[in-house]
Number of protein chains: 2
Amino acid sequence: MDWRQVETDNCSVARALAVVGEKWSLLVLRDAFNGLRRYDELRRHLGISDAVLADRLRTLVAAGVLERRSYQEPGRRSRVEYLVTAAGWDLQPVVVGLLQWGDRHLGDDAGPLVEVRHRGCGGAVEAVVRCAEDGRVLTPAETQLTPGPGLRLRPVEG
Amino acid sequence: MDWRQVETDNCSVARALAVVGEKWSLLVLRDAFNGLRRYDELRRHLGISDAVLADRLRTLVAAGVLERRSYQEPGRRSRVEYLVTAAGWDLQPVVVGLLQWGDRHLGDDAGPLVEVRHRGCGGAVEAVVRCAEDGRVLTPAETQLTPGPGLRLRPVEG
DNA sequence: ACTCCTGACTTCGTCGGCCGAAGTCAGCTA
DNA sequence: TAGCTGACTTCGGCCGACGAAGTCAGGAGT
């Protein structure tokens, strides 16, 4: 398959990046994974501007990555929280993959900020590419791209 | 561990995104993974402007994700190619993770554009989070964040 | 030798996005 | 009823992305 001729209008990587590829989106998600739920917590912790945070939250909610919910503690007025949905948790391999890559290739002398561990077992957690059939972890050389049903080729250029 | 108090200047996710989080970076890498090597191929296939492509390639080369090499076919003048390095291939889980998420949650009726398969076995390939010790694939609930040596807390706010 | 062509960029004007700061508005408290 | 707080929206300024055009070196054609 010659990738140069593949029409990538409908590429899933590009679509995913339309949701989480803007500046701050994945950092908002990182913080949400780590338990931050409220607008002002996110704003303070990320050091992001209000306009951008409100926009990113809108986008993530619209895409089903986060859920916007009102909640109320007794005797206090109602507030808003943002919860990670099942679809949002499906992005965990991406965020862990970035964390792992940063640790490996951009680490400093201080060592990693945090480590992700298997709860209970305590072993280190890693993001990998593996075969869904036999469960083996694969190197890039062991993977290949095959055409899918949605594949279209580019019109030939003059 | 209260993530709200964690100083994230040196967060590996943020550092990784400083390299691959700008617009187009991961799409350039997607195309490089899929075999595109030359500047003009990338430019044509991505539909990106020259200024941005040249800048992204510079950044990716500087970060060690791509390697810039001159090569020469006999009887032709020397040209430039960009090859994915070992560090670059370490980002495969991230790109496959995005592909997988896009397929799952943003797919259209036409079905996926391409499928990543285990060469030989032919099984579907997936990006997952797993325990490095026992090899088990983990749900988000089975993972936890633990403090690392580089962790610093925020100065208390007035 | 001279011109043409091509690949790999750089430069330029414009326009959209991100920034910090300030403004808005509703619900609860004093 | 005035004040406070949380969750935003609005507003100038500036940085980054855009398309188009310009640059420059190497090889091909004549």
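So that the names make sense, note that chain A is the first sequence line, chain B the second, and so on, each numbered from 1. Owing to the predicted nature of the structure, the values given are computational and were not obtained by experimental measurement.
In this structure, of C:dT10, D:dA17, D:dC8, it is D:dC8 that holds the atom nearest to the side chain of A:R58. Here the side chain of A:V80 is nearest to one of D:dA7, C:dA26, C:dT6, namely D:dA7. Closest contact between the side chain of B:D40 and the listed nucleotides C:dC19, C:dA8, D:dA17 involves C:dA8. Considering only the side chain of A:D50, C:dA22 comes nearest among C:dT11, D:dA17, C:dA22. Distances from the side chain of B:S49 to the nucleotides D:dA7, C:dC19, D:dG19 place D:dG19 closest. Among D:dG16, C:dC19, C:dG7, the nucleotide with an atom closest to any side-chain atom of B:R79 is C:dG7. Taking only side-chain atoms of A:A51, from C-beta outward, the nucleotide of D:dC18, C:dT10, D:dT10 with the closest atom is D:dT10. Nearest to the side chain of A:R77, among C:dT10, D:dG6, C:dC18, sits D:dG6. Side chain of B:A54, nearest nucleotide from D:dG6, C:dA22, C:dC9: C:dC9.
Atom-to-atom, CH2 of B:W24 to C1' of D:dA17 comes out at 10 Å; the value is rounded to the nearest Å. D:dT5 atom P lies 11 Å from atom CZ of A:R44, rounded to whole Å. If you take CG of B:L42 and P of C:dG7, they are 14 Å apart, rounded to a whole angstrom. B:R43 has its CZ atom 11 Å from the C1' atom of D:dC18, to the nearest Å. A straight line from CZ of A:R56 to C1' of D:dC8 spans 15 Å, rounded to a whole angstrom. The distance from atom CG of B:D55 to atom P of C:dT11 is 12 Å, rounded to the nearest whole Å. Residue A:E22 contributes atom CD, which lies 13 Å from atom P of D:dA17 at whole-angstrom precision. Going from atom CG of B:L57 over to atom P of C:dC9 covers 7 Å, rounded to whole Å.
Within the 4.5 Å cutoff, the side chain of B:R130 has heavy atoms near those of the A:V128 side chain. Using a 4.5 Å heavy-atom threshold, the side chains of A:V80 and A:Y71 count as separate.
B:E73 comes within contact range of no nucleotide atom at all, as no heavy-atom separation falls under 4.0 Å. Across all strands shown, A:R76 has heavy atoms under 4.0 Å from sugar-phosphate atoms exclusively, and none from any base. Across all strands shown, B:Q72 has heavy atoms under 4.0 Å from sugar-phosphate atoms exclusively, and none from any base.
Considering all non-hydrogen atoms of both residues, B:V84 and B:A32 come closest at CG2-CB, 3.6 Å. A pairwise comparison of heavy atoms in B:V20 and B:L91 identifies CG1-CD1, 3.8 Å as the closest pair. Across B:M1 and B:L151, no two heavy atoms sit closer than the pair SD-CD1, 3.7 Å.
With the nearest nucleotide of DNA chain D identified for both B:K23 and A:R68, A:R68 has the one nearer the 5' end.
Between A:Y82 and D:dG6, a side-chain N or O to OP1/OP2 separation shorter than 4.0 Å is absent.
Side-chain heavy atoms closer than 4.5 Å link hydrophobic residues (I, L, V, M, F, W, Y) into clusters, and following such links, possibly through other members, connects B:V61 to B:I48.
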